[in-house]
Amino acid sequence: MSAVSTSSPIPRTQAVMESVRRAWHSPTLTTWASFGVRALSLAIVLPWALRRFSPPEALVWQLIVTIYSVHLMLDLGLTTTFSRLFAYARGGAVRFDRQEFAAQGANASAAPNWAGAAALWATQLRLFTFLSVGAALAMATLGTWFLWTPIRQLPHPELGWLAWGVTILGSPAVFRTMAYSSWLLGMNAVSELRRTEALFALGGIVTTLLVLASGGRLLGIVLASQTWVWLNLLRSRWLARRVAEGRMCTFGQSTLDPEVWRSLWPLAWRSGVGVLLGGGLVQASGLLASKLAGPGQAAVAASFLVALRLATALIQFSNAPFGSKLPVLATLRAQNRREEFLALT
């Protein structure tokens, strides 16, 4: 006679639900999910599009993607820098320059410094406005120079130029979205940000697949992707105004605070140099390879650009465990909670 189990399934169900809840709110897992969904584009959209596109079309598409990636780096690392400073303010830091911050660490208040956060936000908006204009001009000049010959080799060059113009027009939305992202990361809303990024990235993939299935080509794919750029802006704005008890809604106009800028500059220029000498040079090698490609080598240049996209995706995925902890690490640093800080590193 078989034994009858008397254990209730309820504790097991509760354990499963608790595991799901932890995964749902895990900064690392949601960051991996965000990068993983975006990587699906390389596994699903990219092969389909490359089979449909001619070599010149594939080259132009990958050039647009690569130039777009380089243009994201023109924030000069300020997105990461501001997210760290927002986290410092959330931890109660009053000043943000290296000497003052090191001196005040042991006395930092546990209460968030919302006045400092407001000054940081106003300064970031003003800086990112300048940077977005500069990035758009760089795309319209240098980017056009890299695309000049490949687009002229398309069967319908006018469609290629239209796709490139639509991409340039999306630059302001990208920089404002990065500003909202730095606020969300600084407020340690990592899981909320990454979950919505994953959902919107999935929407972008589905939209692109529908474009390809309906016979769309280069222009259709670019229009689909740029539509999601603007939707991402609306999503980030909505989310940023919900975290931290809606504090962002109380912030004033965007003016560059001189004191914040003096504290920011020593951090910003080092970060900017690191970004440009790191990922910037890698992406620039792809642009240079496409410029040096001779007649009939469009397929070779496009393959090199695709390889760069794959390498970049792997780097982002591998950085997720540490990168997702940076906001809480900065807050702990501001509150001088060394033991907890060291436990997370």
Side-chain angles (χ1 to χ4, degrees), residues 34-72 139 143-171 174 197-232 282-283 285-314 316-317:
S34 174
F35 292 153
V37 171
R38 279 182 277 181
L40 284 177
S41 177
L42 299 176
I44 300 175
V45 175
L46 185 61
W48 190 1
L50 291 179
R51 283 197 301 268
R52 171 167 294 184
F53 288 178
S54 65
E57 280 182 305
L59 176 58
V60 170
W61 180 37
Q62 292 307 302
L63 269 175
I64 289 176
V65 172
T66 302
I67 296 171
Y68 186 80
S69 299
V70 173
H71 131 272
L72 293 179
M139 292 174 75
T144 301
W145 181 67
F146 281 110
L147 283 165
W148 185 261
T149 300
I151 288 183
R152 292 179 65 187
Q153 293 174 351
L154 293 175
H156 300 283
E158 67 280 2
L159 298 182
W161 290 121
L162 183 57
W164 178 231
V166 169
T167 305
I168 295 174
L169 291 176
S171 179
V174 171
E197 280 182 350
L199 291 174
F200 274 61
L202 185 60
I205 291 173
V206 172
T207 304
T208 304
L209 290 176
L210 290 175
V211 169
L212 289 172
S214 62
R217 300 185 74 88
L218 174 64
L219 180 58
I221 286 182
V222 170
L223 287 173
S225 64
Q226 289 303 306
T227 298
W228 284 96
V229 165
W230 290 95
L231 290 176
N232 275 323
V282 173
Q283 298 297 330
S285 68
L287 298 178
L288 183 60
S290 67
K291 195 66 178 176
L292 295 177
Q297 293 183 315
V300 175
S303 299
F304 184 74
L305 294 174
V306 169
L308 285 182
R309 289 186 63 186
L310 292 172
T312 301
L314 290 174
Q316 291 176 337
F317 200 80

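Numbers here simply count residues along the sequence, with the first being 1.
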Minimum side-chain heavy-atom gap T208-S41 below 4.5 Å:
no
Non-hydrogen side-chain atoms of V174 and H71 separated by less than 4.5 Å:
yes
Closest heavy-atom contact between A198 and S34?
CB-CA, 3.9 Å
Using distance only, find each side-chain donor-acceptor pair of residues 52-59 under 3.5 Å and give its atom names and separation, not counting sequence neighbours.
unit_1, atom_1, unit_2, atom_2, d
R52, NH1, L212, O, 2.1
R52, NH2, L212, O, 3.2
S54, OG, E57, N, 3.4
S54, OG, E57, OE1, 3.4
E57, OE1, S54, N, 3.2
E57, OE1, R217, NE, 3.4
E57, OE1, R217, NH2, 2.6
E57, OE2, R217, NE, 3.0

If you measure from CZ on R38 to CG on L40, what distance do you get to the nearest 0.5 Å?
11.5 Å
Which pair of heavy atoms, one from P157 and one from R152, lies closest together, and at what distance?
CG-O, 4.1 Å
Less than 4.5 Å apart, side chain to side chain, heavy atoms only: is that true for L159 and L154?
no
Might you confirm whether atom CH2 of W48 has over 12 heavy atoms from other residues, nucleotides or ligands at distances under 6.0 Å?
yes
Do the non-hydrogen side-chain atoms of L147 and I67 ever get within less than 4.5 Å of each other?
yes
A163 and L218 have their tightest heavy-atom pair at CB-CG, 4.5 Å
Non-hydrogen side-chain atoms of T167 and W164 separated by less than 4.5 Å:
yes
Heavy-atom side-chain contact between L223 and V211 under 4.5 Å:
no
Is it true that a side-chain atom of S225 and a backbone atom of V222 form a donor plus acceptor pair closer than 3.5 Å?
yes
Would you say the side chain of L46 lies within less than 4.5 Å of the side chain of W61, judging by non-hydrogen atoms?
yes
Stepwise side-chain contact (heavy atoms from CB on, under 4.5 Å) test for L209 and I44
CA-CA 9 Å; L209 290 176; I44 300 175; 3.8 Å; yes
Check against side-chain contact (heavy atoms from CB on, under 4.5 Å), F146 and V70
CA-CA 13 Å; F146 281 110; V70 173; over 6 Å; no
